[in-house]
Amino acid sequence: MKRFVLFLLLSVVFIFNSHSQEGVKYGKKLVLKEKTQISELFKNPKKYVGKTVQVEGLIVKVCEKRGCWIDIVSDKEFEKIRLKVDDGVIVFPMEEKGKKIIAEGVFEALVYTKEDLIEQGEHMAKEYGTKFDPKTITKGKTEYRLKGLGAVVN
Amino acid sequence: MHWRKLLRVLHRDIGYIAAGLTIIYAISGIAVNHIQDWNPNYKIEKSTIILDSLPKNATKDEIVVYVLKAINEKGEVKNTYRSSPNELEIFVEGNTILVNYLTKEVKQEKVNSRFFLKETNDLHLNKPKGLWTYIADIFAVALLFLAISGLFLIKGKNGIKGRGWWLTLIGFGIPLLFWLYYL
């Protein structure tokens with residue numbers, strides 16, 4: 001019995017050691033050969049909505065509780081895009097903040113009414129313990145994001 | 001071997017193997033069940049200080065060195081990012097520092113993973129994927145076997161034909177009631 005347990009443990013160690021170290025992979029394997037600049041997505045959104053694109057950038061924010069979204073910095077200054085993944089399908093750990101990512105996802109346009117934005121703001125304020133003033137929301141907006149399929153973080 | 005004796009042997013040995021995984025899934029289950037009230041994976045400490053001054057006409061790298069020294073942060077800088085014309089974010093291992101050039105405010109967000117709990121949550125939510133998916137599947141089948149075999153381990157008035165029947169009925173009834181009430 002001791003030999004069996006030892007064999008089992010050694011097998012597990014071998015499997016973990018043979019795991020690839022070339023970046024941490026999330027979700028599906030990357031398939032696209034060309035990257036699209038994030039600034040290009042924002043510049044011509046209608047051209048890309050519904051299409052799968054590959055982007056590259058720095059991860060600057062990670063969903064604290066579920067790891068279900070990340071913010072990726074654009075090539076254009078002060079611009080970023082949110083990559084949302086299905087809860088539990090891909091989980092980004094907070095340690096990935098500040099690392100480079102290559103990600104693939106479907107470019108989406110989300111249309112929010114004023115009421116939607118207020119509800120969203122109140123939810124975020126509650127979750128992160130920050131302040132939110134509903135008066136700052138005066139009208140609805142269209143938000144662009146990526147529905148994440150797969151990624152490699154280095 | 002009599003079928004009940006074989007069932008006991010299998011129930012016992014599979015039970016031993018499943019003990020570790022059951023404990024992991026149970027602890028993580030409680031932790032994740034209350035995700036609305038707390039962060040089961042990380043302990044996040046947020047703090048804000050206001051610096052007396054920031055070096056004038058300094059480069060981004062000089063600002064980074066100055067701020068890290070001022071807050072006594074010795075971790076390795078992973079990256080930096082200008083989130084707005086007046087703000088700079090510095091990413092250090094386990095810490096994110098947001099510097100506001102105008103207010104001289106420095107916000108820190110220190111992240112530490114909860115020892116053991118994060119690992120159990122990662123396994124419970126199948127973060128490793130691949131091989132772990134199959135291990136979790138086998139574990140689920142093992143639990144199914146333990147549950148069903150457990151019903152027939154004992155005969156007599158405490159077995160499934162007596163007290164066991166009523167207790168099993170309660171076990172099925174609880175989720176059924178919630179299902180009827182909420183869904």
Side-chain angles (χ1 to χ4, degrees), chain A residues 1 4-5 8-9 11-20 24-29 57-68 70-80 85-101 123 126-130 150 153-154, chain B residues 13 16-17 20 31-32 34-46 48 60 64 75-98 107 109-114 118-119 121-135:
Chain A
M1 184 53 98
F4 174 70
V5 172
L8 210 65
L9 287 174
S11 304
V12 170
V13 170
F14 174 77
I15 288 164
F16 277 89
N17 279 343
S18 60
H19 188 264
S20 170
V24 183
K25 292 171 183 139
Y26 294 95
K28 290 180 182 168
K29 197 179 170 186
L58 185 71
I59 301 171
V60 290
K61 210 162 186 180
V62 179
C63 169
E64 288 177 9
K65 286 191 178 175
R66 292 185 174 86
C68 62
I70 53 169
D71 282 346
I72 306 171
V73 166
S74 166
D75 48 294
K76 190 179 165 189
E77 224 176 11
F78 316 132
E79 192 177 66
K80 59 189 174 188
V85 291
D86 289 334
D87 285 10
V89 177
I90 295 177
V91 179
F92 291 108
M94 289 199 75
E95 290 85 354
E96 302 299 44
K97 198 150 78 160
K99 291 183 185 171
K100 289 268 170 69
I101 185 170
H123 172 76
K126 193 180 169 191
E127 184 150 341
Y128 294 102
T130 52
V153 178
N154 280 297
Chain B
D13 287 354
Y16 282 137
I17 295 169
V32 176
H34 298 275
I35 201 163
Q36 294 301 330
D37 308 312
W38 79 317
N39 190 324
N41 290 318
Y42 300 100
K43 197 178 168 191
I44 301 169
E45 290 173 51
K46 292 179 182 178
T48 306
K60 190 174 77 175
V64 169
E76 191 187 341
V77 177
K78 287 196 283 187
N79 256 307
T80 59
Y81 156 64
R82 295 232 2 233
S83 45
S84 78
N86 302 316
E87 287 180 318
L88 174 71
E89 273 190 72
I90 308 165
F91 301 100
V92 177
E93 204 62 58
N95 195 3
T96 302
I97 302 131
L98 179 68
K107 287 182 180 174
E109 190 185 87
K110 290 187 179 177
V111 176
N112 286 300
S113 58
R114 295 186 191 276
K118 177 160 187 313
E119 286 75 14
N121 293 337
D122 284 349
L123 292 177
H124 193 161
L125 301 173
N126 192 15
K127 192 189 158 200
K129 302 273 189 291
L131 183 64
W132 184 256
T133 308
Y134 300 107
I135 293 174

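So you know, we letter chains A, B, ... as the sequences are listed, proteins then strands, and number each from 1.
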Q) Checking B:Ile90 against chain A: side chain, backbone, both or neither under 4.5 Å from a heavy atom? A) neither

Q.
To check you understand the geometry: which heavy-atom pair defines the closest contact between A:Lys80 and B:Tyr81, and what is its length?
A. CD-OH, 3.8 Å

Q. For B:Tyr42 and A:Glu95, does a side-chain donor sit closer than 3.5 Å to a side-chain acceptor?
A. yes

Q: Please examine the side chains of B:Phe91 and A:Val60, heavy atoms only from C-beta on, and report whether any two atoms are closer than 4.5 Å.
A: yes

Q.
Just verifying a value: how many Å separate B:Asn79 CG and A:Lys99 NZ, rounded to the nearest 0.5 Å?
A. 11.0 Å

**Q.** Part of B:Leu125 lying under 4.5 Å from any heavy atom of chain A
**A.** backbone

Q) If you take all heavy atoms of A:Val89 and B:Lys129, which pair is closest and at what distance? A) O-NZ, 3.0 Å

Q) If only atom types and distance count, is the side chain of B:Lys127 paired as donor or acceptor with the main-chain N or O of A:Pro93 below 3.5 Å? A) no

**Q.** From B:Asn41 atom CG to A:Glu64 atom CD, the distance as rounded to the nearest 0.5 Å
**A.** 11.5 Å

**Q.** Separation of B:Ser83 OG from A:Glu79 CD (nearest 0.5 Å)
**A.** 14.0 Å

Q. Are there more than 12 heavy atoms of other residues, nucleotides or ligands under 6.0 Å from atom NZ of B:Lys107?
A. no

Q | Where A:Arg66 and B:Ile35 come nearest, the two heavy atoms and their spacing | A | NH2-CG2, 3.2 Å

Q: State, with a plain yes or no, whether a side-chain heavy atom of A:Phe78 is found less than 4.5 Å away from one of B:Pro85.
A: yes

Q. Considering residues at least two apart in sequence or located in another chain, which fulfil the salt bridge (charged side-chain N to carboxylate O under 4.0 Å, His left out) criterion with B:Glu109?
A. A:Lys97, B:Lys46

**Q.** Under 4.5 Å from a heavy atom of chain A, the part of B:Ser113 involved
**A.** side chain

